[in-house]
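Structure record follows, encoded as structure tokens.
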Number of protein chains: 2
Amino acid sequence: MLEKNTCCGGHSHTPKNLIAKAEEFCSANGQRLTAPRAEVLKTLARSHKALGAYDILEAVLIDGKKAKPPTIYRAIEFWLEHGFIHRIESLNAYVSCDHDHDTAGVHFLVCENCKCVREAHTASPLKALDLDGFEPKHSQTETVGLCKDCH
Amino acid sequence: MLEKNTCCGGHSHTPKNLIAKAEEFCSANGQRLTAPRAEVLKTLARSHKALGAYDILEAVLIDGKKAKPPTIYRAIEFWLEHGFIHRIESLNAYVSCDHDHDTAGVHFLVCENCKCVREAHTASPLKALDLDGFEPKHSQTETVGLCKDCH
DNA sequence: CACGCTGATGTTATATTATAACATTAAGCG
DNA sequence: CGCTTAATGTTATAATATAACATCAGCGTG
Ligand SMILES: [Zn+2]
Ligand SMILES: [Zn+2]
Ligand SMILES: [Zn+2]
Ligand SMILES: [Zn+2]
């Protein structure tokens, strides 16, 4: 039974599509979709809230057993690297992403009450800046506030 | 002897102005510029790099003695609340701020190598977004990359 | 299939960042 | 001074993240 989504603009929160995309990505790129990786991604994809690493740890079973932190963090790192999840810095937490987008101009609306996260994309804010020799790698905006429900 | 600043566009990193501003702020607002608060702010103002809470802890002496974490975190919280410092989420670290600005449209260029931080201000990225009921409180952009020196 | 290589995971321990809870002290005021 | 309140001191611990090394699984090769 899928949880009703009332805060993220109707995003369905079904992990199916994302897992399918992940399978495709892995086989196309010689990566392995192992049990820890699959469980971590599914857990994030099912949630409409950002989850901390230890929330994920509590939620997943790998071969019927509780995992340990490095297992979770390795899977998180893997999906971060390949753009399937994002880290929400202001929460020390993670959300899945089913968009295709580059690394610039990502904007998160983060509810400080319920931890739901809405992802949006705007023109890169770097455009407006004189970088003066700074070499950007990754740009991310986080707006903390209250979502429609918690407001 | 002031450290030569080569990465932040010539910002002088002298704590004098900021401390003076802080004194003024405190007396105008019935707040106390206590030893822990003063030492923490001075330490951040002297640094052209973001400092973690435990970096600050190692750097300051309060009445000749090393402080303990809560002392540092309380001072950090105080200056954060009053806009004298910022938290760089991607580093879990803090920088001083001698600008006067509101809480929207702050943009940090963060060097992942040397941890120097350049602060810039742009039009609020929220303008470009359909907030759809989301009530923003604080918005911050962090661009991680390499500064001119580390590049 | 044994072998060896590689990448991933398992496991133990510990580092790093941050806060809860309560005791004590210092400032401001009548 | 004696009261009130805000701030700090102190102890302990929570929450987040990683280092280091052992083991295992997949895979190509012979
Ligand atoms: Zn995304
Ligand atoms: Zn909410
Ligand atoms: Zn600032
Ligand atoms: Zn640098």
Side-chain angles (χ1 to χ4, degrees), chain A residues 22-23 25-41 43-44 49-82 84-95 110 112 115, chain B residues 22-23 25-41 43-44 49-82 84-95 110 112 115:
Chain A
E23 272 172 9
F25 165 83
C26 285
S27 65
N29 291 85
Q31 303 286 345
R32 291 165 53 196
L33 185 56
T34 59
R37 289 175 181 173
E39 291 307 314
V40 166
L41 186 59
T43 300
L44 284 172
K49 306 189 177 191
L51 299 179
Y54 284 76
D55 295 330
I56 300 172
L57 192 149
E58 295 300 324
V60 305
L61 292 178
I62 315 288
D63 300 328
K65 296 196 308 188
K66 263 195 63 175
K68 284 169 187 140
T71 302
I72 303 299
Y73 279 101
R74 284 169 184 148
I76 287 172
E77 187 181 27
F78 178 82
W79 295 122
L80 279 176
E81 276 172 4
H82 297 109
F84 285 78
I85 69 175
H86 297 292
R87 176 178 163 83
I88 306 300
E89 301 286 357
S90 56
L91 294 178
N92 294 337
Y94 307 87
V95 293
V110 179
E112 65 188 0
K115 320 297 185 203
Chain B
E23 273 171 9
F25 165 83
C26 285
S27 67
N29 292 85
Q31 302 285 346
R32 290 166 53 195
L33 186 54
T34 59
R37 289 176 181 171
E39 291 307 314
V40 165
L41 186 58
T43 300
L44 283 172
K49 306 190 177 191
L51 299 179
Y54 284 75
D55 296 331
I56 300 172
L57 192 148
E58 295 299 324
V60 305
L61 292 179
I62 314 289
D63 301 329
K65 297 196 308 189
K66 262 194 64 174
K68 284 170 186 137
T71 302
I72 303 299
Y73 278 101
R74 285 169 184 147
I76 287 171
E77 187 181 26
F78 178 82
W79 295 122
L80 279 176
E81 277 171 2
H82 297 109
F84 285 77
I85 69 176
H86 296 292
R87 175 178 164 83
I88 306 300
E89 301 285 358
S90 57
L91 294 178
N92 294 336
Y94 307 86
V95 292
V110 179
E112 65 188 358
K115 318 298 183 202

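The chains referred to below are lettered A, B, ... by the order of the sequence lines, with proteins before strands, and numbering in each begins at 1. Atoms considered below: every heavy atom in the structure, side chains included; atoms not considered: hydrogens, waters and symmetry mates. As the structure is a prediction and not an experimental result, all values here were calculated from the model.
- Rounding to whole angstrom units, CG of residue B/L33 and C1' of D/dA6 are separated by 15 Å.
- Atom CG in A/L51 sits roughly 16 Å away from atom P in D/dA15 (whole-Å rounding).
- Taking for each of B/P69 and B/G30 the nucleotide of DNA chain D with the nearest heavy atom, the 5'-most of the two is the partner of B/G30.
- Side-chain atoms of A/Y54 stay outside donor-acceptor range of the base of D/dA14, with no qualifying N/O pair under 3.5 Å.
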message = Test side chain to side chain contact (heavy atoms under 4.5 Å, CB included) on A/D55 and A/T43; report intermediate values, then the result.
response = CA-CA 10 Å; A/D55 295 330; A/T43 300; over 6 Å; no
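- The nearest heavy atom of DNA chain D to B/K65 and to A/D55 marks one nucleotide each, and the one closer to the 5' end goes with B/K65.
- Within the 4.0 angstrom heavy-atom criterion, only backbone atoms of the sugar-phosphate kind lie near B/P36; the bases stay farther away.
- Between the CD1 atom of B/I72 and the C1' atom of D/dA7 there is a distance of 14 Å, rounded to whole Å.
- No engagement by A/E77 is indicated, since no non-hydrogen atom pair under 4.0 Å with the nucleic acid exists.
- Of the possible donor and acceptor atoms, none in the side chain of A/R87 sits under 3.5 Å from a partner among the backbone N and O of A/L80.
- Contact footprint of chain B on DNA chain C: nucleotides with an atom under 4.0 Å from a non-hydrogen protein atom, first to last in 5' to 3' order, C/dT17 to C/dA27.
- Across D/dA7, D/dT18, D/dA25, the shortest atom-to-atom separation from the side chain of A/R32 is found for D/dA25.
- Both geometric conditions, a ring-centre gap below 5.5 Å and a plane tilt below 30°, are not fulfilled together for A/Y73 over the base of D/dT18.
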Verdict with reasoning, A/F84 to A/F25, per side chain to side chain contact (heavy atoms under 4.5 Å, CB included) | CA-CA 10 Å; A/F84 285 78; A/F25 165 83; 3.6 Å; yes
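- Of the residues B/V60, B/I56, B/I72, the one that meets the side chain to side chain contact (heavy atoms under 4.5 Å, CB included) test with B/E39 is B/V60.
- Atom CD1 of A/I76 and atom P of D/dA17 are 8 Å apart (whole Å).
- Rounded to an integer number of Å, the gap from CZ of B/R87 to C1' of D/dT16 is 11 Å.
- Across all non-hydrogen atoms, the minimal contact from B/R37 to B/W79 is O-NE1, 2.9 Å.
- As judged by a 4.0 angstrom heavy-atom cut-off over every strand, A/Y94 is placed among residues touching the sugar-phosphate backbone only.
- Rounded to an integer number of Å, the gap from A/R74 CZ to D/dT18 C1' is 10 Å.
- Residue A/P36 comes nearest to A/I62 through the heavy atom pair CA-CD1, 3.5 Å, listed as atom of the first residue, atom of the second, then distance.
- Look at CD on B/E89: it is 12 Å from P on D/dA17, rounded to the nearest Å.
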(message) One pair to check against side chain to side chain contact (heavy atoms under 4.5 Å, CB included): B/E58 and B/K66. What are the steps and the verdict?
(response) CA-CA 7 Å; B/E58 295 299 324; B/K66 262 194 64 174; 3.4 Å; yes
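- Between the CZ atom of A/R37 and the C1' atom of D/dG26 there is a distance of 13 Å, given to the nearest Å.
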